[in-house]
Amino acid sequence: MRTRLLQALSLFSTGLLAGSFAYGAANLVPTFNAVPIDMRLDFHTALMRMNGITMQATMAVSALSTLALTASKRGRTRVLAGAAGCLVVSSFLITRFGNVPINGRIKQWAATTPPADHPEVLRRWELFNDARTVTAAIAFGLLVLLALPAAATRRPAGPSS
């Protein structure tokens, strides 16, 4: 029972993480690119302030629950859970060492003016964003695969027709 709850928590939190990153990549980034730079910088700064706690918490729950799930499994399921956990940790590392430093620069630009090379820096932020989105989505996919055999082998309760 505890393993099933752990599996549900890791699947749910990793799904939230992948969904949040995918929404950002599919909707927020194109919106950022469609508005004037000063508006983008102001919105980006406000969004990062709001995302700071929720995304860090989601990444932490996802990583911890997935790695705990790995420790509780054996064989193929351990490999899938471990790979998902490594991908979630990769999403965190990409965020921490790729996106976060650039977010700090964007915050400074919003208070002053962006430098001449700002399009290249923003392009790098988007590449990091794409990378963390892909790693989180693959992690979620692996956890879905892990959950499928359990769902497929259960029989419905009650009399059969």
Side-chain angles (χ1 to χ4, degrees), residues 4-72 79-148 151:
R4 288 177 46 98
L5 289 174
L6 197 52
Q7 186 170 350
L9 179 62
S10 65
L11 182 61
F12 180 75
S13 60
T14 304
L16 284 177
L17 182 66
S20 296
F21 284 152
Y23 176 83
N27 296 297
L28 292 178
V29 171
T31 302
F32 283 163
N33 292 330
V35 298
I37 188 66
D38 59 329
M39 186 181 293
R40 176 193 176 142
L41 298 177
D42 289 342
F43 182 72
H44 192 113
T45 300
L47 182 64
M48 294 310 109
R49 188 172 39 251
M50 300 304 290
N51 277 353
I53 293 171
T54 57
M55 291 306 292
Q56 286 180 34
T58 303
M59 281 190 267
V61 170
S62 182
L64 293 174
S65 63
T66 304
L67 294 173
L69 180 66
T70 302
S72 73
V79 171
L80 287 175
C86 288
L87 287 164
V88 169
V89 170
S90 295
S91 291
F92 168 76
L93 293 173
I94 291 165
T95 301
R96 176 63 188 97
F97 296 109
N99 296 94
V100 169
I102 296 173
N103 289 342
R105 292 176 70 181
I106 290 171
K107 184 178 178 182
Q108 291 174 340
W109 302 345
T112 59
T113 57
D117 71 339
H118 77 273
E120 175 58 28
V121 175
L122 294 174
R123 189 177 82 62
R124 272 192 299 124
W125 185 93
E126 291 174 16
L127 289 173
F128 287 127
N129 189 59
D130 290 343
R132 69 184 182 176
T133 300
V134 168
T135 57
I138 294 170
F140 179 59
L142 290 174
L143 291 169
V144 168
L145 283 175
L146 191 81
L148 286 177

Inset, instruction - With sequence neighbours left out, write down each residue that passes side-chain hydrogen bond (donor to acceptor under 3.5 Å, both in side chains) with Thr66, or none if nothing qualifies. - result: none

Inset, instruction - Would you name the heavy atoms of Gly24 and Asn129 that are closest together and state the gap between them? - result: C-ND2, 4.4 Å

Inset, instruction - Determine whether Trp125 and Asn99 make a side-chain contact, defined as any pair of heavy atoms from C-beta on separated by less than 4.5 Å. - result: yes

Legend entry - Gap separating the CE atom of Met48 from the CE atom of Met55, nearest 0.5 angstrom: 9.0 Å

Inset, instruction - Can you measure from CG (Leu127) to CD1 (Ile102) and round to the nearest 0.5 angstrom? - result: 9.0 Å

Legend entry - Closest non-hydrogen atom pair between Gln7 and Ala147, with its separation: NE2-CA, 3.2 Å

Legend entry - Partners meeting side-chain hydrogen bond (donor to acceptor under 3.5 Å, both in side chains) with Ser65 (sequence neighbours left out): none

Inset, instruction - Drop me the distance from Phe128's CZ to Thr133's OG1, to the nearest 0.5 angstrom. - result: 13.0 Å

Legend entry - Gln56 and Thr95, any side-chain heavy atoms less than 4.5 Å apart: no

Legend entry - Nearest atoms (heavy-atom pairs only) where Ser13 meets Ser62: OG-CA, 3.2 Å

Legend entry - side-chain contact (heavy atoms from CB on, under 4.5 Å) between Met59 and Val89, worked out: CA-CA 8 Å; Met59 281 190 267; Val89 170; over 6 Å; no

Inset, instruction - Could you tell me the separation between the CG atom of Asn103 and the CD atom of Gln108, rounded to the nearest 0.5 Å? - result: 11.5 Å

Legend entry - Sub-4.5 Å side-chain heavy-atom contact between Asp42 and Thr45: no

Inset, instruction - May I ask you to decide if Ala81's main-chain N or O and Thr70's side chain share a donor-acceptor pair within less than 3.5 Å? - result: yes

Identify all side-chain donor-acceptor contacts of residues 30-41 below 3.5 Å with residues at least two apart in sequence or on another chain.
{"unit_1": "Thr31", "atom_1": "OG1", "unit_2": "Asn27", "atom_2": "O", "d": "2.7"}
{"unit_1": "Asn33", "atom_1": "OD1", "unit_2": "Arg40", "atom_2": "NH1", "d": "2.8"}
{"unit_1": "Asn33", "atom_1": "ND2", "unit_2": "Val29", "atom_2": "O", "d": "3.3"}
{"unit_1": "Asn33", "atom_1": "ND2", "unit_2": "Glu126", "atom_2": "OE2", "d": "3.2"}

Inset, instruction - Considering non-hydrogen atoms only, spot the tightest contact between Ala25 and Asp130 and give its length. - result: CB-OD1, 4.3 Å

Legend entry - side chain to side chain contact (heavy atoms under 4.5 Å, CB included) partner of Ser10, the single match among Leu69, Leu67, Leu64, Val61: Leu69

Legend entry - Polar side-chain atom of Thr14 near backbone of Leu11 as donor-acceptor pair, under 3.5 Å: no

Legend entry - Distance (rounded to the nearest 0.5 Å) between Asp117 CG and Glu120 CD: 7.5 Å

Inset, instruction - For the pair Thr58 and Ser20, evaluate side-chain contact (heavy atoms from CB on, under 4.5 Å) and give the outcome as yes or no after the intermediate values. - result: CA-CA 10 Å; Thr58 303; Ser20 296; 5.9 Å; no

Legend entry - Between Thr135 and Ser91: side-chain donor-acceptor atoms closer than 3.5 Å: yes

Legend entry - Nearest-0.5 Å distance, NE2 of residue His44 to CH2 of residue Trp109: 9.0 Å

Inset, instruction - Using a cut-off of 6.0 Å, state whether more than 12 heavy atoms not belonging to Phe12 lie near its atom CZ. - result: no

